[in-house]
Amino acid sequence: MGGVACPKEGPKEKKARAREVLKALKAAYPGARTELRHENPFQLLVATVLSAQATDKSVNEATPALFARFPDAKALASATPEEVEPYIRRIGLYRTKAKNLVALARRLVEEYGGEVPKEKEALMRLPGVGWKTATVVLGAAFGVPGIAVDTHVARLARRLCLSEAKSPEKIGAELEGLFPKEDWVFVHHALVLHGRYVCTARKPKCATCVLAPHCPSRQEG
């Protein structure tokens with residue numbers, strides 16, 4: 001699918017196609033939300049940090065015991081990385097993530113009273129938190145508009161010829177220019193779900209894809 005050339009279309013044409021994509025996504029995923037299990041912004045932040053280069057399934061298997069032992073930032077801040085590691089050992093890069101989580105929790109306690117800040121710049125100063133994680137947390141926990149770009153969103157943006165940019169930030173900015181602001185958080189979650197279960201990396205299910213009529217990369221047959 002990577003060899004398909006995107007059609008030459010003007011901004012109005014692309015925006016019109018994006019409207020049809022959004023309509024199809026809303027019909028297919030009306031309640032789209034993150035699949036990371038959490039009960040509050042702190043748990044979502046921790047789970048999102050853990051999800052980098054790992055599956056949501058592996059994170060969801062680890063977090064119940066992790067949150068039972070470290071229910072809030074204060075509890076996690078008082079731990080050592082070595083105490084955290086056994087809870088996340090099955091998750092990729094677990095040693096680095098354990099260090100980041102403890103450092104993150106200490107920063108939350110010291111600078112924000114144990115609460116998760118609602119500003120992107122503040123979130124991105126936390127250990128282990130980059131642009132994507134900050135955008136996900138702000139959208140899912142606080143409803144702050146933004147289209148976070150993970151591997152699924154980046155893949156679909158390219159296949160749908162909505163963005164040919166390379167960096168997640170640029171892809172996100174181009175997608176935000178195509179969809180209404182009030183739908184940005186939904187678009188992120190819906191594209192993630194669609195990429196995870198339909199427009200997969202190796203074998204996209206074009207024959208049953210609701211976006212196929214609007215996708216220049218669709219495979220026939």
Carboxylate-amine/guanidinium proximity below 4.0 Å for Glu35 and Arg196: yes
Hydrophobic cluster membership, Val149 vs Val21, 4.5 Å side-chain cutoff: yes
Straight-line distance of Leu22 CG to Leu191 CG, nearest 0.5 Å: 9.5 Å
Asp72 side chain reached by Asn40 side chain, heavy atoms, under 4.5 Å: no
Minimal non-hydrogen separation, Ala79 against Val102, with atom names: O-CG1, 3.4 Å
Val185 with Ile147, same ILVMFWY side-chain cluster at under 4.5 Å: no
Heavy-atom closest pair, residues Phe142 and Pro117: CE1-O, 3.9 Å
Side chain Lys132, main chain Asp150, donor-acceptor under 3.5 Å: no
Ser58 versus Thr55, side-chain donor and acceptor atoms under 3.5 Å: yes
Heavy-atom side-chain contact between Glu61 and Arg90 under 4.5 Å: yes
Distance in Å, Arg37 CZ paired with Lys57 NZ, rounded so as to fall on 0.5 Å steps: 9.5 Å
Considering all heavy atoms, the nearest Ala148-Val136 contact: CB-CG2, 3.4 Å
Distance, nearest 0.5 Å, that separates CZ of Phe67 from CD of Gln43: 4.5 Å
Modelled atom types, side-chain donor and acceptor of Lys170 and Ser163, under 3.5 Å: no
Arg218 side-chain N/O to Cys206 backbone N/O, donor-acceptor pair under 3.5 Å: no
Test item: Thr200 side-chain N/O and Lys203 main-chain N/O as donor-acceptor pair under 3.5 Å: yes
Minimum side-chain heavy-atom gap Val187-Leu175 below 4.5 Å: no
Crowding at CD, Glu164 (>12 non-hydrogen neighbours, <6.0 Å): no
ILVMFWY cluster, Phe186 and Leu193 together (side-chain gap under 4.5 Å): yes
Phe70-Tyr87 aromatic ring centre distance below 6.0 Å: yes
Cationic N near anionic O, under 4.0 Å, Glu110 to Arg107: no
Side chain to side chain contact (heavy atoms under 4.5 Å, CB included) between Leu162 and Lys14, worked out: CA-CA 7 Å; Leu162 297 178; Lys14 184 179 281 191; 4.3 Å; yes
Donor-acceptor contact below 3.5 Å, side chain Asn100 vs main chain Pro127: no
Heavy-atom pair of closest approach, residues Tyr112 and Leu126: CE1-CD2, 4.5 Å
Glu83 side chain to Thr80 backbone, donor-acceptor under 3.5 Å: yes
Aromatic centroids of His194 and Tyr29 separated by under 6.0 Å: yes
Under-4.0 Å salt bridge between Lys26 and Asp183: yes
Shared hydrophobic cluster, Val210 / Val198 (ILVMFWY, side-chain heavy atoms < 4.5 Å): yes
pair check: Cys215 + Cys161, SG-SG < 2.5 Å: no
Heavy-atom check, side chain of Val144 versus side chain of Lys118, under 4.5 Å: no
Close side-chain approach of Lys181 to Pro145, heavy-atom, < 4.5 Å: yes
Backbone of Cys199 reached by a side-chain donor or acceptor of Arg155 within 3.5 Å: yes
Hydrophobic cluster identity match, Val109 and Val84, side-chain contacts under 4.5 Å: no
Glu115, CD atom: more than 12 neighbouring heavy atoms under 6.0 Å: no
Which atom of Arg158 lies closest to which atom of Cys6, heavy atoms considered: O-SG, 4.3 Å
Arg17 side-chain N/O to Leu160 backbone N/O, donor-acceptor pair under 3.5 Å: yes
Heavy-atom pair with the smallest gap, counting every atom of Glu85 and Ala98: CG-CB, 3.7 Å
Min side-chain heavy-atom separation Thr133-Leu123 under 4.5 Å: no
Candidates Thr151, Ile91, Leu93 - the one meeting side-chain contact (heavy atoms from CB on, under 4.5 Å) with Gln53: Leu93
Side-chain (Lys205) to main-chain (Tyr197) donor-acceptor, under 3.5 angstrom: yes
Non-hydrogen side-chain atoms of Leu104 and Leu76 separated by less than 4.5 Å: no
Close side-chain approach of Pro168 and Ile171, heavy atoms under 4.5 Å: no
Derivation of the side chain to side chain donor-acceptor pair (under 3.5 Å) call for Lys120 and Thr135: CA-CA 7 Å; Lys120 183 171 285 189; Thr135 307; 3.0 Å; yes
Side chain Trp184, main chain Phe179, donor-acceptor under 3.5 Å: yes
